[in-house]
Amino acid sequence: MPAGGFSAVHKNGGTEFEAKITPIVVISCVMAATGGLMFGYDVGVSGGVTSMPDFLKKFFPVVYRKTQLKEESDSNYCKYDNQGLQLFTSSLYLAGLTATFFASYTTRKLGRKLTMLIAGVFFIIGTVLNTTAENLMMLIVGRISLGCGVGFANQAVPLFLSEIAPTRIRGGLNILFQLNVTIGILFANLVNYFTAKIEGGWGWRLSLGLAGIPAGLLTLGALMVVDTPNSLIERGRMEEGKAVLKKIRGTDNVEAEFLELVEASRVAREIKHPFRNLLKRRNRPQLIIAVALQIFQQFTGINAIMFYAPVLFNTLGFKSSASLYSAVITGAVNVASTVISIYSVDKVGRRMLLLEAGVQMFISQLMIAIVLGIKVNDHSDNLTKSFATLVVVMVCTFVSSFAWSWGPLGWLIPSETFPLETRSAGQSVTVCVNLLFTFVIAQAFLSMLCHLKFGIFLFFSSWVLIMSVFVLFLLPETKNVPIEEMTEQVWKRHWFWKRFVEEDEIEGQKRSVKKHSNGFEPSLEL
Ligand code: BGC
């Protein structure tokens, strides 16, 4: 930390400004916690609810009858194959990915704080509709409202966090968001475990209604916090932005950082079409990597487990509460392994975590496929206790490796590789592609399980192989590289991606020489 009049020091060639970890930054972490909690709760709650007989009886009587009467024609793998049931889970993601584009606009024009507030209001409306639902329509409209909440929250919260965090703890704070996603999932699994025991048809209402806790917390939090200095300055509220910067950094010595924010917002304001700018050749490596990471994250098959673990364990012959119990174990493994990631990501690096996890995920999925292939056929599940335990252990091995790799890094890497002027549009695309593929998996998994049977796990393991090869050759290490130096230190040195950055630079130079010879002033190429 600099003494006296200096407000910035140079570390690893990057700039680090004076900043204390102030109460307001801590409150902001709690904020992020509730945004992530809500997302996680929504992910976790649907699996448990859709395996509750009372819920199925009320909204999906056809599925209910299938689970009760084991008709000859119904394969074990197909009991839950129903488009309506899948729509209940997946409508949330479809709404979320549409909302992201509106959220990208509101985060810029109205600020991060108001966007989080909008998310909170959507969450509350969705929770009320779901809890009081009397028909399928109300249920789906409620899920859509929750989805809009997810779209707005996942855009605003990570941006809010990275802007409010002191540089040196930004990576840790980013994974904290994912940690809270996993806590939300675990909370939902626990709630489902208890509410599944409630007789009389209101267990599922309680499960859906308890989403009110994270929803209320997010709304309250959004009302309490200040907006980020970046957002205030971007909207021309200079003095307010400076005052907030002093408050969050815990020092009056903020002039250098303030000037940098003013300059960054000037550059950002010059960009009239943020999404078109994102498509420029020099941004291609980050864009391809961000999109690929989201697709790969979902094609690990994680949400097949997260959404449908209770249904899956039921399919495998576990009884209803035993399967929820297994889902709780999976949820706890998810949280614990994310903590491991927080500690190791800046030490062993991103690539190491992803490659190790690739091996672990591949082996566990292969073993699950083999056990199911041998032991569970269409009409009899003769999974003995020891084989059933083996499946649960393999599911946990799979979840743990996902939780210290693709889970947090799918969000962290895009957020640290986009240059400032494309960061917000990049975040939008990241969230949108993530939710799109979450939707695809949510909508297709039960049908795929029905048709591919145990082969579904071979399908996902093949994807794990492909993504690991991608990481091996195409994903550069970004550990300990200051964000604004990614181009110099990462992209220009990468055997493949350097051609995009360099060719674009040469083109830029040619254009500016041409302008010179035409008597024009050279200007910033955007
Ligand atoms: C993914 C979610 C997933 C969760 C599981 C997140 O990173 O984006 O789709 O449900 O991890 O922990």
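If you're wondering where the values come from, they're calculated on a predicted model, not measured in any experiment. Ligands are counted one by one from 1 in listed order, and the atoms in each one are counted from 1 as well.
Atoms of ligand 1 found under 4.0 Å from any heavy atom of Thr182 (numbered from 1 in listed order, with element): 12 (O). Near Gln297, meaning under 4.0 Å from one of its heavy atoms, ligand 1 places the atoms 1 (C), 6 (C), 7 (O), 8 (O). Residue Trp411 approaches ligand 1 through these ligand atoms, each under 4.0 Å from one of its heavy atoms: 6 (C), 7 (O), 8 (O). Near Gln178, meaning under 4.0 Å from any of its heavy atoms, are these atoms of ligand 1: 6 (C), 7 (O), 11 (O), 12 (O). Residue contact check: Asn434 has heavy atoms under 4.0 Å from atoms 8 (O) of ligand 1.
The shortest N or O to N or O distance between Thr438 and ligand 1 is not below 3.5 Å.
Using cut-offs of 30° and 60° for the angle between ring planes, the Trp411 and Phe177 rings count as perpendicular. Classified by interplanar angle (parallel below 30°, tilted 30° to 60°, perpendicular above 60°), the ring pair Phe296/Phe470 is perpendicular. Using bins of under 30°, 30° to 60° and over 60° for the plane-to-plane angle, the ring pair Phe55/Phe88 lands in the tilted bin.
When all heavy atoms are compared, the tightest approach of Glu477 to Arg351 is OE1-N, 3.1 Å.
Assignment of Phe402 to the shell around ligand 1 is supported, since a heavy atom sits closer than 4.0 Å. The shortest separation from a heavy atom of Gly407 to ligand 1 is under 4.0 Å, placing the residue in contact.
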Exercise. Can you list the steps and then say if Val191 with Leu206 is a side-chain contact (heavy atoms from CB on, under 4.5 Å)?
Worked result: CA-CA 8 Å; Val191 167; Leu206 193 59; 5.6 Å; no

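When each of Ile368, Val399, Asn334 is tested with Ile305 by the rule side-chain contact (heavy atoms from CB on, under 4.5 Å), just one qualifies, namely Val399.
The closest non-hydrogen atom to atom 10 (O) of ligand 1, taken over Ile441, Asn303, Asn334, comes from Asn303. With Ile185, Val181, Val43 as candidates, the residue nearest to atom 5 (C) of ligand 1 on a non-hydrogen basis is Ile185.
Side-chain atoms of Gln297 come within 3.5 Å of backbone atoms of Trp406 as a donor-acceptor pair (strictly under, hydrogens ignored).
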